[in-house]
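Everything below concerns the one structure shown next.
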Amino acid sequence: MSKSLQAIRGMNDILPEQTPLWRYFESTVARLLDNYGYKQIRMPIVEFTELFKRSIGEVTDIVEKEMYTFEDRNGDSLTLRPEGTAACVRAVLEHGITGGGQTQKLWYIGPMFRHERPQKGRYRQFHQIGCEVFNLDGPDIDAELIVLTWRLWGQLGIRDAVKLELNSLGTSESRGRYREALVEYLSAHLDKLDEDSQRRLKTNPLRVLDTKNAETQAVLVDAPKMAHYLDDESRTHFEGLKARLDAAGIPYVINPKLVRGLDYYSKTVFEWVTDKLGAQGTVCAGGRYDGLVEQMGGKPTTGVGFAMGIERLILLLETLEQIPEEISRQVDVYLCAFGEAAELAGLALSEQLRDQLPNLRLQVNAGAGSFKSQFKKADKSGALYALILGDDELAQQVVSVKPLRGQGEQQSIAFDALAAHLATCIVQG
Ligand code: ATP
Ligand code: MG
């Protein structure tokens, strides 16, 4: 195929054989979030570039090198959203739904775009489910976000494979004091820092903590620790969170180097990581961003949220073989009809069945075909039963119900008894 007709590298089709697992995952999360009282919000995929620069921060990886930015026909600079928080904050501000101090517990799902080097678990179009909570400033809501993800891991059967890492970045005042101390210390060891870290020291010094460079890591061993710079407010908040996680029985480790990539975090930051996916091990990440709304022109409004990477979680489900059996079967019954008269009767009968059994997954053979070929298609569909309708059945107003997965003998069932019969052996059985 010519290159121009291929998908863009790092932007994947999700093929029909994969969508059942995606839909299972998405519906599991949606139900859970409904049950915790979160409401869905849907934002556009494209926003003004300025939104991301202002919110995420000019000197972050995302804004510096990962955004898909282009000019609209009228000269506006637009960007495919690299994450959901910025647009969500814009939306609540624009519609004034947090302005009077109202609490909002929101969630979103959708594609995000970042120009990264594609590899396992890292793509250029990927999907996130995220939550954002506005106007609740206590550690109880930070804890709730973590508790509900913990419940999700339980429902998905992946709890044993993920670990919670936690840190506090403090209020902006305590973070400011820490930043000063860190810069002073690192400046004294400038020659031992890698190039990237030297640059970050000037632009976004906390990100140096995040370095993968061994020499820089060695310098960091004796660097000042954020924990020593937390003011009372930050410390009380962090203790409150830890107490709630303990009460809920959720294990965690404190990772003092956890700083997160974006500028806007304060106090709580956390990541759920797995060692089952290689280098792309963070499946869900979030934190508190109490200054962001104001920074974007709103009234002071606290915020806290997270986003999980759907591709990585799907990979984890596959790796751990936590794929529920029922999602692999898409068809309950497959109707085979032989001859024009049987086809017509079959169509009427199947529509009647759909009225009577709205959840029945009934596939009607299309394209006619011999007994052998229809039967083969019925088997391949994964259906539990084939419904057979030929001249003989038609004359007697019955359907032959043939079990395809070794569950008993073929039976003749009268048209008007078919729905009740199928209800006992499929829908309820
Ligand atoms: P990483 O350190 O892996 O680049 P990040 O800190 O940039 O992650 P966030 O912005 O916090 O990621 O996004 C939240 C989650 O979205 C990540 O934990 C991950 O699961 C997922 N994610 C982020 N970038 C990608 C990507 N390029 N491809 C697939 N999933 C991604
Ligand atoms: Mg990243």
Side-chain angles (χ1 to χ4, degrees), residues 7-14 18 22 25-26 29 52 55-57 59-68 79-89 107-132 145-146 149 152-153 156 158 161-167 169 196 200 204 206-212 255 257-266 268-289 292 303-319:
I8 296 163
R9 209 161 87 86
M11 303 202 179
N12 301 315
D13 298 306
I14 301 163
Q18 301 166 303
W22 279 70
F25 176 80
E26 290 163 1
V29 184
F52 302 113
S55 60
I56 298 171
V59 289
T60 54
D61 284 352
I62 292 182
V63 173
E64 276 184 339
K65 48 192 188 201
E66 296 176 358
M67 294 204 305
Y68 279 92
T79 294
L80 298 182
R81 64 181 184 194
E83 50 105 63
T85 305
C88 189
V89 169
W107 71 278
Y108 58 83
I109 178 170
M112 306 294 161
F113 302 83
R114 297 183 194 178
H115 196 272
E116 304 199 68
R117 194 169 68 76
Q119 53 199 288
K120 182 183 172 191
R122 189 176 295 286
Y123 311 101
R124 290 179 173 175
Q125 173 173 338
F126 62 99
H127 298 78
Q128 289 182 336
I129 293 181
C131 279
E132 314 291 351
L145 290 170
I146 292 173
T149 46
L152 177 66
W153 313 144
L156 295 170
I158 57 175
V162 292
K163 197 176 75 180
L164 175 62
E165 297 195 354
L166 205 60
N167 193 20
L169 301 180
D196 233 17
R200 281 180 172 157
N204 193 351
L206 256 53
R207 286 303 307 278
V208 177
L209 297 177
D210 209 18
T211 182
K212 303 276 181 292
N255 176 358
K257 290 188 184 157
L258 184 65
V259 289
R260 312 274 313 114
L262 319 180
D263 259 1
Y264 52 54
Y265 286 108
S266 57
T268 310
V269 286
F270 66 92
E271 289 193 358
W272 287 99
V273 295
T274 178
D275 57 9
K276 303 282 189 283
L277 297 180
Q280 272 54 250
T282 305
V283 293
C284 175
R288 181 163 276 283
Y289 48 87
L292 180 61
V304 57
F306 67 73
M308 57 181 83
I310 302 185
E311 280 82 356
R312 291 185 194 177
L313 284 158
I314 296 281
L315 272 171
L316 190 56
L317 291 173
E318 289 170 341
T319 307

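Note that ligands are numbered from 1 as they come in the structure, with each ligand's atoms numbered from 1 the same way. Because only heavy atoms are used, hydrogens play no part in the values below, and waters and symmetry mates are left out as well, while side chains stay in.
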Quiz item: Which is closest to atom 10 (O) of ligand 1 in terms of heavy atoms, Arg122, Arg114, Arg117, Glu66?
Solution: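 Nearest heavy atom to atom 10 (O) of ligand 1 lies in Arg114.
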Practice problem: Determine, considering heavy atoms only, which of His115, Gln128, Arg124, Gln125 sits nearest to atom 14 (C) of ligand 1. | Solution: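 Checking each option, the heavy atom nearest atom 14 (C) of ligand 1 is found in Gln128.
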Quiz prompt | Pairing residues for Glu66 by the side-chain hydrogen bond (donor to acceptor under 3.5 Å, both in side chains) criterion, not counting sequence neighbours | solution =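 Partners of Glu66 under the side-chain hydrogen bond (donor to acceptor under 3.5 Å, both in side chains) test: none.
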Quiz item: What's the spacing between Thr282 OG1 and Phe270 CZ if we round to 0.5 Å?
Solution: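 The OG1 atom of Thr282 sits 11.5 Å away from the CZ atom of Phe270.
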Quiz item: For the atom pair CZ (Phe306) and CD (Glu271), what is the distance rounded to the nearest 0.5 Å?
Solution: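 Result: 13.5 Å between the selected atoms.
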Self-check item: ligand 1 atoms in contact with Thr282 (distance to a heavy atom under 4.0 Å)
Solution: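 Going through ligand 1 atom by atom, the ones under 4.0 Å from Thr282 are 17 (C), 18 (O), 19 (C), 20 (O).
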Practice problem: Taking only heavy atoms of Val283 into account, list the atoms of ligand 1 that are under 4.0 Å away from them. | Solution: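 With Val283 as reference, the close atoms of ligand 1 come out as 20 (O).
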Exercise. Report the residues that fulfil salt bridge (Lys or Arg N to Asp or Glu O under 4.0 Å) with Arg312, sequence neighbours left out, ordered by chain and then residue number.
Key: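 Expected list: none.
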Quiz item: Do any nitrogen or oxygen atoms of Glu271 lie less than 3.5 angstrom from nitrogen or oxygen atoms of ligand 1?
Solution: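 It does not: no N or O of Glu271 is found under 3.5 Å from an N or O of ligand 1.
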Exercise. Look at atom NZ of Lys163 and say whether more than 12 heavy atoms of other residues, nucleotides or ligands are closer to it than 6.0 Å.
Key: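 Counting other residues, nucleotides and ligands, NZ of Lys163 stays at 12 neighbours or fewer.
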